[in-house]
Undergrad: 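First, the structure itself, so that you have it in front of you.
Both ligands and their constituent atoms are indexed starting at 1 by order of listing.
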Amino acid sequence: MNAEALRKVLDLERQRGYVDSAVFGGLDKFLHNWSDQAMASLATPSLLSRFRSLFGVSYASMDAEQRRQWAHDVLSFLDKMEVEDDSKKDSPVAAPVSSIRKKSPPKMKTPSAPAGDKGLDVPITVVRGISTALSGKFGKLGVKTVRDLLYFFPHRHLDYSQLKFISQLSEGEEQTIVANVWQAQEVILGGRRGTEAIVGDETGNIRVVWFNQPYLAKKLLTNTRIMLSGRVSLFKGRHVFQSPEWEIIEGQDLVHTARLVPVYSLTQGLRPRQVRKLMKEFIDRWASQVTDFLPTYLRRRLNLLELPVAISQAHYPDDGATKDKARIRLAFDELFLLQLGVMSKKRQWQESKPGSSFDVNKPVLSTFLESLPFTLTQSQDRVLGEIMADLAQSRPMSRLLQGEVGSGKTVVATAALLVTAANGYQGALMAPTEILAEQHFATICQLLSRIGEEEGEGNLRSYKGFLERPMNVALLIGDIKQAGKRKLQQQIMTGDIDIAIGTHALVQKGVDFHKLGLAVVDEQHRFGVEQRSSLREKGFSPHMLVMTATPIPRTLALTLYGDLDLSVIDELPPGRQTVKTKWLRPNQRESAYAFVRKQIAEGRQAFILCPLIEESEAIVAQAAVVEYERLSQEVFPDLRLGLLHGRLSAAEKDAAMERFRSGELDILVSTPVIEVGIDIPNATVMLVESADRFGLSQLHQFRGRVGRGTEQSYCMLLAENPSEVGRERLDIIENVQDGFQLAEEDLKLRGPGEFFGTRQSGLPDLRMAKISDVALLELARNEAINLFQEDPGLARAEHQPLAQELTRVWTGAGEWS
Ligand code: ADP
Ligand code: MG
């Protein structure tokens, strides 16, 4: 029974003074529908008769006082029913567990125990109301310990405390309205695409604008009921809602109680109302036991909330202002800890051995640049200059190279590797997957063969004519034959190999360089911090270039990769086209296939990306095989299809890629291994299955696989049953081409932590920090720099809790005290 919906309606009525305006068309109609449904779920005759007497009324014919009294009665009735309801549902599981739990009440933390508040790292089953079954469900959300649960913040709050009519809106404050959309359209706002809408309630109309969200226009159909929450400003003498939070109100599910109500991201089997209740009790009881690790002087100076207060206010805030303060405190923690950790790593690294300074004026550089079939873009040129300046120093380079897919990072990296080899040092290039490593190998070999005579084949090539000696390039990936691998490793160790290309395998045990001068890491966000540091420890404090196709706003990049300097290629080579992107509904699958067929008839090629399954690689590969068979037997029996997945041997993958590249195959069916870097100019169609399951940046990467030649290219996205967030992503990717903007949208949807995969990478989590927290980012950065200067080892007594917290969040990231 949906008691929540009725509660919301009654609450709105109360706020508006019982004028029967809470639902469109009057309350009676709503009550009629609602009670029909509710009646069915009533168990006992006594409840049933009480229900009949309560709901057999006409709200419209009562006066305000009668309505108030009636609403009160209904609310207490609902409470009573829910109590019965809940006890029915929970008792079978909860009873035995809670009786055990009584014997072990939650442990009180021993004051200022040197180990910090370890008492929080206990399973959540110690919490009253959490049964083993329930804890399993929380486990799915990554919530295992009491500490996890304390930090399991709602992803937002519904602010129903400020519900206003349009005529009551005033400038500046955060306010909420419920209104009807009259019209919405895409517009240009400040040079960028956005949405403008006119909405109204019974007291008037107001203009609403959203910057950068043109896709909204299509969502907000005329007569949609929406809730808008945000600030109102004055424009040319009239009120305007600027980029408010919005929510389409579906059915009768109108509003909630008059407070800030947390909304948690839940999984199946967790009911929002149940979790809200549980969290309230839990927070009231446990939040006070958290130790504040920030030094008091710092917390006071920055005017931050105490940690226990911040945690409880982040869940159940007293009001909007306190909620903001709570978030600021928690976001500060995240950024501050991140920054301290990153700086400490930088120090560790720079204080180890000095690097090698190169002569960057070797003739081979200009020979190489002149041999290219194109001229470098201005951005490439500038970035190459920045890299060369670093390589000339003995302080090891530590640089992040950011650039859209296809912006030409690989060429720049190749130039740097050449200079390294010309200086008698070795270079390493690492990619996130074997296929990409192979492709880098192929690309680099092809570039080098323009300036030198090529010898050898397979995994080892040699080039003559531009250095005093032949230059050797090797591909080292996981599954080449054991004997061959050992031989290559040997040659890397003796210095025979100048440039080694591979995957993570390159930084793992068994590969020692003779004289590693430069390490290039492609696609940073797949590489953990740990791998970065282990690479640095190989060889001779090599110069380090990290390449990423994920555009990261500058301030965030400085914080996340505070140990790296930043270079950006911010233009694409001339003549690149935009890829037409379309989100297809399930019933359009046939026309998608027809479109693929048509393109192939015109001589083009297509990628079909198999559904993402979050299980083992073996299962993903298996699913790809099945899909491949279905497509080649049932859908495209007359076309030539190939299959690519992570379980194939290097030779098999090579063969498939090569056949596709040479045009022997029309369609390449693939798992997401194809995500980054693959470069096939004749491929014009990318069809993505289960597109809703991928993140925006990932989808953008997939899309970047096509549109690399001169023909118009297309990206088609299929999604069977997308969730709300999934739909939102598809909407965005369909309408936004710019990678930078996509990254920002992605960050908004996922938050920086998930976006960068910090959870897997050994970096501390970012949950509360937002992309827009520029000032806070800078504050945290500056405070970290100050603290680090004053007490680099965090040795002072007042910094002990902080040192412990650092150790805890930077799992395995080294010593702090
Ligand atoms: P990224 O690694 O940034 O995705 P690549 O280095 O793989 O990009 O380059 C993508 C494609 O663009 C390659 O085919 C490359 O040869 C080509 N390319 C690179 N720089 C230029 C340029 N300045 N002008 C024209 N084409 C370029
Ligand atoms: Mg690339």
Undergrad: Just jot down the ligand 1 atoms closer than 4.0 angstrom to any heavy atom of Thr375, in number order.
TA: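 With Thr375 as reference, the close atoms of ligand 1 come out as 22 (C), 23 (N), 24 (N).
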Undergrad: Would you indicate whether the side-chain heavy atoms of Phe636 and Val669 approach each other to under 4.5 Å?
TA: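 No. Closest side-chain heavy atoms not under 4.5 Å.
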Undergrad: If you measure from the Lys or Arg side-chain nitrogens to the Asp or Glu carboxylate oxygens, is any gap between Lys653 and Glu438 under 4.0 Å?
TA: no
Undergrad: Could you tell me whether the side chain of Ser567 and the main chain of Asp565 form a donor-acceptor pair under 3.5 Å?
TA: no
Undergrad: Under 4.0 Å from any heavy atom of Leu376, which atoms of ligand 1 are there?
TA: 23 (N)
Undergrad: Under 4.0 Å from a heavy atom of Glu404: which atoms of ligand 1 are those, numbered in the order shown and with their elements?
TA: 3 (O)
Undergrad: Do any N or O atoms from the side chain of Arg399 and from the backbone of Asp390 form a donor-acceptor pair under 3.5 angstrom?
TA: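 Side chain of Arg399 to backbone of Asp390: no pair is present.
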Undergrad: At less than 4.0 angstrom from any non-hydrogen atom of Arg708, what atoms of ligand 1 do you find?
TA: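 Result: 7 (O), 10 (C).
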Undergrad: For ligand 1, which atoms sit closer than 4.0 Å to a heavy atom of Val411?
TA: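 The atoms of ligand 1 under 4.0 Å from a heavy atom of Val411 are 6 (O), 19 (C).
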Undergrad: Check if Gly403 has a non-hydrogen atom at a distance under 4.0 Å from any atom of ligand 1.
TA: no
Undergrad: Is a side-chain N or O of Arg450 found less than 3.5 angstrom from the main chain of Ser371, in a donor-acceptor match?
TA: yes
Undergrad: Can you confirm if the aromatic rings of Phe607 and Phe660 lie within a centre distance of less than 6.0 Å?
TA: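 Close enough - the centres of the two rings lie under 6.0 Å apart.
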Undergrad: Which ligand 1 atoms does Thr377 reach within 4.0 Å, using its non-hydrogen atoms?
TA: 23 (N)
Undergrad: Under 6.0 Å between ring centres, would you say that holds for Tyr628 and His645?
TA: no
Undergrad: Tell me which part of Thr410 gets within contact of ligand 1: side chain, backbone, both or neither, using heavy atoms under 4.0 Å.
TA: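 Contact part for Thr410 vs ligand 1: both backbone and side chain.
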Undergrad: Please confirm whether Met547 approaches ligand 1 to less than 4.0 Å, judged on its heavy atoms.
TA: no
Undergrad: Should you measure from each heavy atom of Pro573, which atoms of ligand 1 turn up under 4.0 Å away?
TA: 21 (C), 22 (C), 24 (N), 25 (C), 26 (N), 27 (C)
